[in-house]
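In this chain, numbering begins with 1 at the start of the sequence shown. Ligands are counted one by one from 1 in listed order, and the atoms in each one are counted from 1 as well. Hydrogens, waters and symmetry mates play no part in the numbers below; they use all other heavy atoms, side chains included.
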Amino acid sequence: MNAELCWLPFFGEALPQGRDPLAVAREEMALGMASLAGASCRLACVPGGGDGFEIIKDEQGYLVRGGETGVLYGTYRLLTALQAGECPLTAWTDPAFPLRMLNHWDNMDGTVERGYAGQSLFYKNGKFDYDADRIRFYGRMLASVGVNAVSINNVNVHAPADKLVTAELLPEVKKIADLLRPFGVRLIIAVDYALPVTMGLDTADPLDQRVQDFWKKQCDEVYAYVPDLCGFLVKADSEYRPGPYKYGRDHAQGANMLARALKPHGGMLIWRCFVYNCRQDWRDHTTDRPKAAYDNYAHLDGQFDENVILQIKNGPYDFQVREPVSPLFYAMERTEKAIEFQLAQEYTGHQIDLYYMPPIWKDILADLRRMPRHICAVTNLGDDANWTGHPLAQANLYTYGRMAWEGKALDGDKEAERWIALTFGRDFPEKDRLKAMLAASQGIYEKYTSPLGLCWMVKPHLHYGPDPEGYEFSLWGTFHRANHQAVGIDRTDKGTGFADQYPADMAAVYKNTDTCPEKLLLFFHRLRYDFKMRDGRTLLQRIYDDHFEGAEGAEQLLAQWRAMEGLMPRDIYENALNRFEKQALNAREWRDIINTYFYRFTGIPDAHGRKIYD
Ligand code: GCV
């Protein structure tokens, strides 16, 4: 059911074998140009030009001038633009972010945490086990959109992956680094903060000299194998992972210790801020999980070494369908930050339901005001032949790379158009229909699952399908507190005070129900079901309407997809068809369970007489 698919079909079967980006660029140019009869092109490497490039045209044809990696990015830009029927010429362009990262949550047993596209690309049965050509192809895909750093193991570091930074596994890590280096992609390794203990010390205290020496020695070893390793990624003191808190140290002390071990090698220390109390009591109304990242980090601004990057999830909770931007982004002016997105559709439909992300990224980036200096996303990839399970989920990887290059929200329609042209052909007869499906998908999903910033009504642990009270009495700090009168959490200064973590002008907007964006109303406010929305509907009716409309939207996506029959390889069509059918069922389930949930509390029927089960 999983045919191969990607946005670079024009290269055919051949893969570049070059050892550096310039060599790969030459090969790719020859391969790509072969499918563009009549076009001719030259490459010129501009030493010191880094990732930047320009594409000009003279009497001899196109000329790509670029830095050491820029020449490769320029080559892909030229080829994809010509394939998509666009003008490829561009003045010198540099990427907005120096680090354009992807994080794999791959375990060495071959599973992928929150992976919905098969097994790991890198590992099986506790060992490295992969198809080198597929890794090369992956490098090509990444370089074609400018992604330049990839962490290759889960941030929840499970043995034996904790040994990736030791001589036991470094020879294998080196092989992956060698495969991806020619594509300008550097590796990141997620490390286990407790490794010193696993390796025989009695502590992992960052202020203990023996621990510092341990990591220095470990870094020397790592860089002997992989001299251009981008750095380490750490999830510490989060969801039972070890960290410096155990030793009474704060996260600046914890991060700086590792950063200093990496520093002589030019390595970065990427430290995740996903730190919160995961053993909360639902009876406690004062602890509010979205406040956690700010509370743990904001006061440490200015204390991190210059090679530390704080990696902050886009929202303060956990990749929910709709969250405000994490307030931590506005708080740490003197700290290097990366924004973390999740391409893996953990809460957004498991790559069964269609969910094209650029519209939500646009909202997030608009609220962010100023971009951090780095960007990251959890991948949606696995060893499925089509890479992403749902064939259309590949559009998220593609547009993420494009956004990471440009450093701003992109026009989702325009990107979808290019991705469709590259993937299904410039003359794909239903390109407008497909583009419209992608464009509508995020809104449809939000409506049938969790409109108005209502979070955590999803099935616990699985995170697919509805379970309105599944997380309500658990330890994770994931409550909406619906009762017979009202739903939502008051996060104003009269409630948990979360809104005051924002700059004053934003806080004022969020705290007032008249100005708070409706999409976030139930994130910031606890409202009665008879609360009047801006269009005059009651909150309850709006919840009903959204669920009816969302489920209807999912039915329409299915019907629209059926119009694609015969326009692409049969197995790709059927793979997606099967997913659209499941999505329609999922949407119906959400509609009926959530509507019934609120109907049972209120006894108020739908104003339009539609069926709500009792
Ligand atoms: C990698 C959520 C997910 C976990 C994930 C965690 C994280 O809690 O459900 O699977 O763990 O986020 O981002 O660290």
With sequence neighbours left out, what residues match Arg334 under salt bridge (charged side-chain N to carboxylate O under 4.0 Å, His left out)? Asp301

Any residue meeting salt bridge (charged side-chain N to carboxylate O under 4.0 Å, His left out) with Asp467, in chain and number order, not counting sequence neighbours: none

Which residues pass the side-chain hydrogen bond (donor to acceptor under 3.5 Å, both in side chains) test with Asp131, not counting sequence neighbours? none

Backbone N/O of Gly412 and side chain of Tyr356: donor-acceptor pair under 3.5 Å: yes

Name the residues in contact with ligand 1, where contact means a heavy atom under 4.0 Å away: which are they? Trp105, Glu113, Arg114, Asn154, Val155, Asn156, Lys235, Glu239, Arg272, Phe274, Lys313, Asp318, Glu346, His463

Under a 4.0 Å threshold between the charged nitrogen and the carboxylate oxygen, would Lys263 count as salt-bridged to Asp305? no

Side-chain donor/acceptor of Tyr448 to backbone N/O of Asp546, under 3.5 Å: no

